[in-house]
Amino acid sequence: MTLQTAIESKVRSAFEAAGFDPALGTVRPSDRPDLADFQCNGCLAAAKRYRMAPQAAYEKVAAHLEGGFETAFAPPGFLNVRVTEEGLLGRAASLAGDPRFGAGTPAEGRRLLLDYGGPNVAKEMHVGHLRSSLIGEGLRRLLAFAGAMVEGDVHLGDWGLQMGQVIAWIEEDVPEALDGAPFDMDDLRRWYPAASARSKEDEEFLARARRVTAALQAGEPRYRAIWDRMMEVSKAGLRRDFDRLGVGFEYWYGESRYQGMLDGMVDDLLARGVAEEDDGAVIIRFEEKLPPLILRNSRGGYGYGATDLATIKDRVDEGMAGGAPDAMLYVVDARQKLHFRQVFAAAGRAGYVSRDRLEHIAFGTVNGPDGKPFKTRAGGVMRLKDLADMMLEAATERLKERGEVDTDTAEQVAMAAVKFGELSHDREQNYVFDVDAFTRFEGRTGPYLQYTAVRLESLRAKAAEVGIEPGAPTLGTGTRELILALDAFPAQLDRAVAQRKPSVLAMHAYDVANRINACYAANRILGAEDGAGHLALLLLARRQLVLILGILGIEVPAEM
RNA sequence: GGGGCGUUAGCUCAGCUGGAUAGAGCAUCCGACUUCUAAUCGGACGGUCGAGGGUUCGAAUCCUUCACGCCCCGCCA
């Protein structure tokens with residue numbers, strides 16, 4: 001049990017014993033660490049509800065409080081709690097024997113299917129894919145740690161007009177490829193944007209792309225063959241990018257998987273009166289002021305409304321390992337919010353799955369320093385690989401200042417900067433992608449967290465050399481703050497899980513690291529009388545830090 | 001026109017759902033390595049919380065109006 005929950009339980013009982021609503025006894029970390037470790041604001045509410053002075057309410061509650069902590073009244077009506085030194089040391093001792101640091105399993109037994117990544121075939125991944133990939137992977141690890149059974153599906157954009165566009169482009173510009181001439185990711189990287197750009201300005205080309213799309217979907221062998229090869233080349237490239245980020249999936253399904261289901265699904269929905277025809281298109285209407293979802297356009301083609309709905313049906317029917325998921329989580333750009341509301345409502349209406357089992361984990365746009373969606377100086381989007389290489393170069397430069405550069409270490413540092421840079425932001429907000437800020441490794445960054453862990457390991461080794469082994473934790477400058485931070489982990493985990501936000505844990509990790517470093521600076525280990533006790537505490541904190549970094553997908557190098 | 005999100009320190013962002021003196025990082029300035037990794041630590045500077053009105057003991061937080069910005073709105077995904 002954490003200090004916070006233990007104290008809260010006592011405070012609530014005291015409120016009850018005093019004749020007040022126990023719900024008023026909510027305890028939280030204090031806003032004023034100079035005055036208290038925890039605070040309860042319930043006396044203010046009690047004063048109002050039971051018509052008495054806040055201090056009188058406090059006196060009544062305090063009369064029933066005892067054990068392990070000191071309380072004080074502070075105007076206008078705060079109940080301040082200070083943990084005793086014995087209480088702190090006791091908590092440190094109990095944490096030392098707990099690999100999970102008191103963390104519960106708020107997602108225990110839940111079977112969750114996570115849809116994230118979502119790259120398009122034939123198109124290289126760029127910085128825009130970072131958010132979905134890293135938030136998705138972070139959530140997967142977070143939820144798994146919280147006791148859930150989680151599986152991920154990359155949900156490739158491998159079908160539809162975009163594919164027709166590229167094939168139409170190939171047919172015209174590099175017809176030999178259609179006849180079997182080899183091509184690679186670099187070729188695809190040129191073709192896709194060219195095809196996409198041309199579709200916007202050349203109506204005739206767009207019309208042709210539509211015909212190609214229809215033919216591909218109808219199974220035209222030559223188109224199908226080149227599509228297969230594009231998939232092969234593309235997936236290999238995507239795997240490289242995902243591997244480098246440490247992002248993995250159980251399923252590499254794509255939109256193409258559901259194509260065979262669409263006719264039957266739409267017919268069924270029409271027959272059951274869930275869907276209806278309108279202007280030649282098939283749509284689902286909603287009672288709420290929600291625009292209808294288009295399943296099939298007037299030309300008989302299917303868009304992603306139909307595909308996404310079929311995906312849900314398939315995930316319920318085929319499920320994950322061991323059956324249907326309890327919930328499906330979509331880590332997708334916030335701009336798709338309306339679309340998912342429609343699709344989720346449609347899934348509910350169709351009877352595939354109830355809406356409360358579908359969640360859109362929306363995230364904001366990555367903007368450039370100008371406040372508009374991020375573009376490179378050249379005006380294009382930055383490739384994921386280019387970003388990673390740029391980070392690697394920056395990390396290598398930094399490591400050079402210390403001596404020999406280990407390539408793996410440089411890569412770990414670079415990825416830590418990328419991941420923490422992403423995961424420390426609230427996913428729901430847009431954020432500014434600033435190259436200079438990203439390649440800085442000081443302050444609230446991934447490398448700072450790694451550095452904190454690395455120097456402690458170094459310290460442990462040096463201490464061992466001179467015969468200092470971690471002993472029973474002792475208190476010193478900054479140790480109170482450190483133990484309180486470690487104690488807060490279970491609550492932060494609960495919050496991160498409830499809000500589906502790895503960023504909550506990222507912030508907590510920084511908090512822990514910050515306090516570790518303060519202790520490190522203030523308390524000498526080697527040659528100090530209580531060195532063994534402080535070392536124990538630092539290493540305990542390091543263990544929690546490394547645990548959280550693991551959840552965030554950040555590795556800790558041996559040296560840096 | 002309808003809807004969503006946002007506006008907090010020079011910059012980038014927190015602020016645990018109504019509480020104390022609104023907090024970090026970066027930037028700037030001042031300190032701290034002959035002894036454990038200075039990618040660090042300590043301190044200073046810096047804010048009419050977009051504007052007005054309201055709700056109440058109390059508002060960055062809730063309601064409302066307005067301004068500005070980004071985004072979405074039946075046959076692209």
Side-chain angles (χ1 to χ4, degrees), chain A residues 28-32 34-36 39 41 44-45 47-48 54 74-78 80 118 120 157 159-162 165 199 206 210 255 278-283 285 289-299 301 303-305 307-308 333-339 342 362 364-365 367 369 371-373 398-399 401-402 413 424-426 428-432 434 436-437 440-445 447-448 450-452 454-463 466 468 478 488 491-492 495 499 503-504 507 510-511 514 517-528 531 535 559-560:
Chain A
R28 59 177 218 193
S30 175
D31 292 329
R32 293 287 304 273
D34 53 322
L35 299 177
Q39 64 183 26
N41 300 342
L44 285 156
K48 187 177 184 182
F78 299 102
N80 280 334
N120 286 328
W159 205 247
L161 183 60
Q162 48 182 347
Q165 286 172 341
S199 289
L206 181 60
R210 286 212 163 98
E255 293 172 327
D278 187 88
D279 269 347
V282 176
I283 64 172
R285 268 189 222 285
K289 34 180 190 172
L290 191 63
L293 178 72
I294 296 178
L295 292 179
R296 186 162 66 201
N297 65 34
S298 50
R299 293 188 310 278
Y304 79 150
T307 306
D308 282 357
D333 195 307
R335 284 174 291 192
Q336 305 290 335
K337 214 174 252 185
L338 180 59
H339 168 69
Q342 293 171 292
T365 314
N367 291 328
K372 294 188 205 143
R398 194 73 181 77
L399 282 164
E401 295 167 18
R402 290 184 182 274
V413 171
S424 60
H425 287 91
D426 183 337
E428 290 185 295
Q429 305 300 325
N430 295 343
Y431 82 88
V432 174
D434 178 353
D436 293 334
R440 207 163 359 193
F441 300 149
E442 288 88 32
R444 223 180 60 192
T445 65
Y448 168 84
Q450 289 177 315
Y451 175 78
T452 303
V454 166
R455 82 202 303 212
L456 282 188
E457 170 52 25
S458 167
L459 174 58
R460 187 204 57 75
K462 284 227 167 78
V466 297
I468 298 177
Q492 296 300 325
R495 206 157 70 92
Q499 298 182 7
S503 60
V504 170
M507 302 297 255
Y510 174 76
D511 197 33
N514 196 15
N517 285 318
C519 282
Y520 180 96
N523 305 287
R524 183 142 277 278
I525 304 300
L526 268 35
L535 181 62
E559 291 179 350
M560 65 185 281

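Residue numbers begin at 1 in each chain, while the letters A, B, ... track the order of the sequences.
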Heteroatom pairs (N/O) under 3.5 angstrom, protein to nucleotides 4-10 of chain B:
none

Atom CG of A:Asp511 to atom P of B:C13: distance rounded to whole Å? 21 Å
Whole angstroms only, please: what is the CG-P distance between A:Asn41 and B:A59? 15 Å
Cut-off 3.5 Å, side chains only: do A:Asn517 and A:Arg455 have a donor facing an acceptor? yes
Enumerate the protein-to-nucleotides 21-25 of chain B contacts in which both atoms are nitrogen or oxygen and the separation is below 3.5 Å.
unit_1	atom_1	unit_2	atom_2	d
B:U21	N3	A:Arg32	NH2	3.3
B:U21	O4	A:Arg32	NH2	2.1

With 3.5 Å as the limit, what N/O pairs link the protein to nucleotides 55-58 of chain B?
none

Take A:Asp278 and A:Gln492, find for each the nucleotide of RNA chain B with the closest heavy atom, and name the residue whose nucleotide sits nearer the 5' end. A:Gln492
Test side-chain hydrogen bond (donor to acceptor under 3.5 Å, both in side chains) applied to A:Gln450 - qualifying residues, sequence neighbours left out: none
Base-pair map of RNA chain B as dot-bracket, where | denotes pairing with a different strand and pairs are Watson-Crick or G-U under 3.5 Å: (((((((..((((.....[...)))).(((((.......))))).....(((((..]....))))))))))))....
Using a cut-off of under 3.5 Å, enumerate the N/O to N/O pairs linking the protein to nucleotides 28-35 of chain B.
none

[atom1] atom, [N] versus [M]: distance in rounded Å?
N	M	atom1	answer
B:G50	B:A60	P	10 Å
B:U61	B:G1	C1'	31 Å
B:A20	B:A38	P	37 Å

Under 3.5 Å, is there an N or O donor on one side and an acceptor on the other linking the side chain of A:Ser458 and the base of B:C36? no
Got a donor-acceptor pair under 3.5 Å from the side chain of A:Gln39 to the base of B:A20? yes
